[in-house]
Every structure is written in C-alpha cells, then in structure tokens.
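Remarks on the structure that follows.
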Amino acid sequence: MGTESERKVRFEAYVGKLAAVVGHRDRHRPLREYCLGLLLPIERKSVEPLAAVIDPAHVSARHQSLLHFVGQAPWNDAAALRVVRQEVLPVMECHGTVEAWVLDDTGIPKKGKHSVGVKNQYCGVLGKNANCQVAVSLSLANQETSLPVGYRLYLPEEWASDVARRRTAGVPDDVVFERKWQIALRLVDAQLAEGLAVPRAPVLADAGYGDTVEFRDGLTARGLAYAVGVSKTTSVWAPGTQPLPPKPYLGRGRPSTALRRTPEHTPVSALDLA
C-alpha cells in the first residue's frame, strides 16, 4: 500500500483525474471531500455525517456543499465511471484477465419516501422486501476482484408515471420506465461502444435476468456468450427438440409466423430437464 505520503499522492492524482470530467472548478473541492469521506471508517456515508467528520467546524456549510454536488450539480456520472475504468482496469488485469461481465441488482435501504425510485421492493442486501432504491450494475470481474463500470438507478413504473412526484424529485424528462433487463442491456451496449478498451467476456446474471427470453436473445444478438440463472419452472426445450414451424399458409390473411407446440410436443420445466 505504500507510506502515508505515497497514498496521499496517489489519492490526489486519482481525484484530479476525476475532477477533469466533473466540470466547473467549484465542484472539485466537494468531489475531493466526498471521495475522502467514502474512505473514512465511519458507519453512515450520507453527506451529513461525512460533513461532520471532514469539517467539524463548518458542518452546515460543508453539508450544503456536498449535498449540492451529489444531488444537483450536472456532472456526468458515465464520464466519471469511464475515468475509474481507465485507471483501475490495468491494475486489475495485473491479477488476471477479465473473465466475466457481471450484471446484478444493488438494493439501497431507505427510511423515507422521497428519494428517487424508492418503494417497497426486494432488497438484496436485506434479503427481503423493504423500502429501498434499486440500481442495476455491470461489473468486470476475474478471480481476484471486480470493477463496476456501469450503474443505473431503476425507476419503478409508479414513479415514472407520476408527473408531480418526478418534478419534485428532479427526475429528468427523458428518463422513462424500463425493466431491469432493458437497463442491463443498455449498460452492456455502453461498454461494447468502448470497443477494445473493454475486454469482452461471458455475461453472468441471476434468474432475475436469466428468466427473460428477450434478455437472453439480446445478449445473443450482441455476440456475447452468457451463463445465467433460470428458475426451476422456466420452460425449455430438451436437447434434440424445438418448437414446431408456423402453420402452412392457406392463401388467406397474413401468413403465420408463430412457432407452435401441441399437447404431445411441448417444452419441459428446467427442473424436469435437470
């Protein structure tokens, strides 16, 4: 890890590169303070306790500065994540090549109801339904470590359709309801757009994504191998079987394109196949 002075030099260099993409110089100090606060050994990492530790003599002013930086300043989170990837990926690859792209949900427990996207929904960190926000993340991983390269907040449909609530919380007009698997494919597309800068690898995901045919087909269409979970009731065709072709065209109406099954020719559950 190096000496304290060496760690300080590395920290300042790292934050300096992040500062280059957050815009106005007024954001550079709160960026540094926020990054520093996240590294401190304190239990709560929201802006108020961070401000109290970073600048105990001016807690109110520092709280407002951090709050504005995190919640209102229009810096580009995708650009910041790109800088993180450019800095960390070479170090990560010293411990092994990238072996997987991992898609997952991250639940953020909340007590109130005003944080964007918060509702009673499944929260992975608690292992049950609870009041929380949920984000979809994409990480590059090998046997030693993982690196988050994509992160998008999931906006539930009840939030997306509530104009007044959106306006109060500051949700941009161009943010619409998307299912988690659709957000996941957008995160994948963003990394594919980086070309050779991001090593390709098989995509891993749990059954929350793997059960969706459109998600699996989307990965295939993008030329990506995958290993995803499926629930035991998911229908699959046993090896050597497939759906029947569409019904023959009889010359009236539109030709059928729907693949068929019959009572004698059906898929089986994943559990039965296993």
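One-based numbering along the sequence shown.
Among all heavy-atom pairs drawn from Val102 and Ala141, the shortest one is CG2-CB, 4.0 Å. When all heavy atoms of Cys123 and Pro109 are compared, the closest pair comes out as SG-CG, 3.9 Å. Between Thr241 and Ala238, the shortest heavy-atom contact is OG1-O, 2.6 Å. The two atoms that bring Leu153 and Ile183 nearest to each other are O-CD1, 4.3 Å, heavy atoms only. Of all heavy-atom pairs spanning Cys35 and Leu18, the tightest one is SG-CD1, 4.2 Å. Smallest separation of non-hydrogen atoms from Ala51 and Val59: CB-O, 3.8 Å.
Side-chain contact between Val47 and Val70 is present, with at least one heavy-atom pair separated by less than 4.5 Å. Contact check for Val236 versus Pro267: no side-chain heavy atoms found under the 4.5 Å cut-off. Looking only at side-chain heavy atoms (C-beta outward), Val9 and Glu6 stay at 4.5 Å or farther from each other. Between Leu66 and Glu48 the shortest side-chain heavy-atom distance does not fall below 4.5 Å. A 4.5 Å side-chain heavy-atom check between Cys132 and Leu126 finds every atom pair outside the cut-off. Taking the side chain as every heavy atom from C-beta outward, Thr106 and Val134 never approach each other to under 4.5 Å. Counting heavy atoms from C-beta outward, His63 and Ser60 have side chains that stay 4.5 Å or more apart. Two residues are said to be in side-chain contact when any heavy atoms from C-beta on lie closer than 4.5 Å; Val188 and Arg222 meet this criterion.
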Could you go through the side chain to side chain contact (heavy atoms under 4.5 Å, CB included) check for Arg179 and Glu214 one step at a time? CA-CA 11 Å; Arg179 301 189 186 281; Glu214 293 90 343; over 6 Å; no

Which is it for Arg186 and Val136 under the side chain to side chain contact (heavy atoms under 4.5 Å, CB included) test, yes or no, and what are the steps along the way? CA-CA 10 Å; Arg186 285 209 297 122; Val136 179; over 6 Å; no

Tell me, with the steps shown, if Tyr226 and Trp101 meet ring pair (Phe, Tyr, Trp, His ring centres under 6.0 Å). CA-CA 9 Å; Tyr226 61 82; Trp101 290 16; over 10 Å; no

After noting the C-alpha distance and the side-chain angles of Gln121 and Asn129, does the key distance pass the side chain to side chain contact (heavy atoms under 4.5 Å, CB included) rule? CA-CA 5 Å; Gln121 55 193 324; Asn129 276 28; 5.7 Å; no

Can Val83 and Tyr14 be said to form a side chain to side chain contact (heavy atoms under 4.5 Å, CB included), step by step? CA-CA 9 Å; Val83 169; Tyr14 183 70; 5.7 Å; no

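Linking Ile, Leu, Val, Met, Phe, Trp and Tyr residues whenever their side-chain heavy atoms come within less than 4.5 Å places Phe11 and Val53 in a single cluster. Grouping the Ile, Leu, Val, Met, Phe, Trp and Tyr side chains by contacts below 4.5 angstrom, directly or via other members, places Leu36 with Val15. In terms of hydrophobic clustering, with Ile, Leu, Val, Met, Phe, Trp and Tyr side chains grouped at heavy-atom distances under 4.5 Å, Val149 and Leu219 are assigned to a common cluster. At a threshold of 4.5 Å between side-chain heavy atoms, the hydrophobic network of Ile, Leu, Val, Met, Phe, Trp and Tyr places Val163 and Val175 in two separate groups. Residues Tyr34 and Val88 fall within the same hydrophobic cluster, defined by Ile, Leu, Val, Met, Phe, Trp and Tyr side chains chained together at heavy-atom separations under 4.5 Å.
Separation of atoms CG (Leu103) and CG (Asp206) is listed at 9.5 Å; rounding is to 0.5 Å. We find the CG-CZ distance between Leu50 and Arg44 to be 9.5 Å, quoted to the nearest 0.5 Å. Annotation: the span from Leu273 atom CG to Trp237 atom CH2 amounts to 12.5 Å, rounded to 0.5 Å. Of the inter-residue distances, the one linking Glu93 atom CD with Leu147 atom CG reads 9.5 Å to the nearest 0.5 angstrom. Atom CD1 of Ile108 and atom OG of Ser115 lie 9.5 Å apart (nearest 0.5 Å). Between the NE2 atom in His28 and the CZ atom in Arg25 there is a gap of 6.0 Å [rounded to 0.5 Å].
Environment of CD in Glu4: sparse, with no more than 12 heavy atoms of neighbouring residues, nucleotides or ligands closer than 6.0 Å. Applying the 6.0 Å contact sphere to CD of Glu12 captures more than 12 heavy atoms from other residues, nucleotides or ligands. Atom NE2 of His265 sits in a crowded spot, with more than 12 heavy atoms from other residues, nucleotides or ligands closer than 6.0 Å. Crowding of Arg165 atom CZ: a count of heavy atoms from other residues, nucleotides or ligands under 6.0 Å exceeding 12. For Lys45, the NZ atom sits in a packed shell: over 12 heavy atoms of surrounding residues, nucleotides or ligands are nearer than 6.0 Å. Other residues, nucleotides and ligands place no more than 12 heavy atoms under 6.0 Å from the CG atom of Asp173.
Remark: the backbone N or O of Ala160 is paired with a side-chain donor or acceptor of Arg166 at under 3.5 angstrom. A donor-acceptor contact shorter than 3.5 Å is absent between the side chain of Thr234 and the backbone of Val230. Distance alone, capped at 3.5 Å, is enough to place a donor-acceptor pair between the Asn131 side chain and the Gly112 backbone. Arg27 places a side-chain N or O within 3.5 Å of a backbone atom of Val22 that can act as its donor or acceptor partner.
With no hydrogens or angles considered, no side-chain donor-acceptor pair links Asp217 and Thr220 at under 3.5 Å. In this model, a donor atom of one side chain and an acceptor atom of the other lie less than 3.5 Å apart for Asp211 and Ser231.
For residues 138-159, every residue pair satisfying the side chain to side chain donor-acceptor pair (under 3.5 Å) rule, not counting sequence neighbours, is listed here: Glu99-Gln143, Lys119-Glu158. Residue pairs meeting the ring-ring contact (aromatic ring centres under 6.0 Å, His included) criterion with at least one member in residues 193-218, sequence neighbours excluded, are Tyr209-Phe215.
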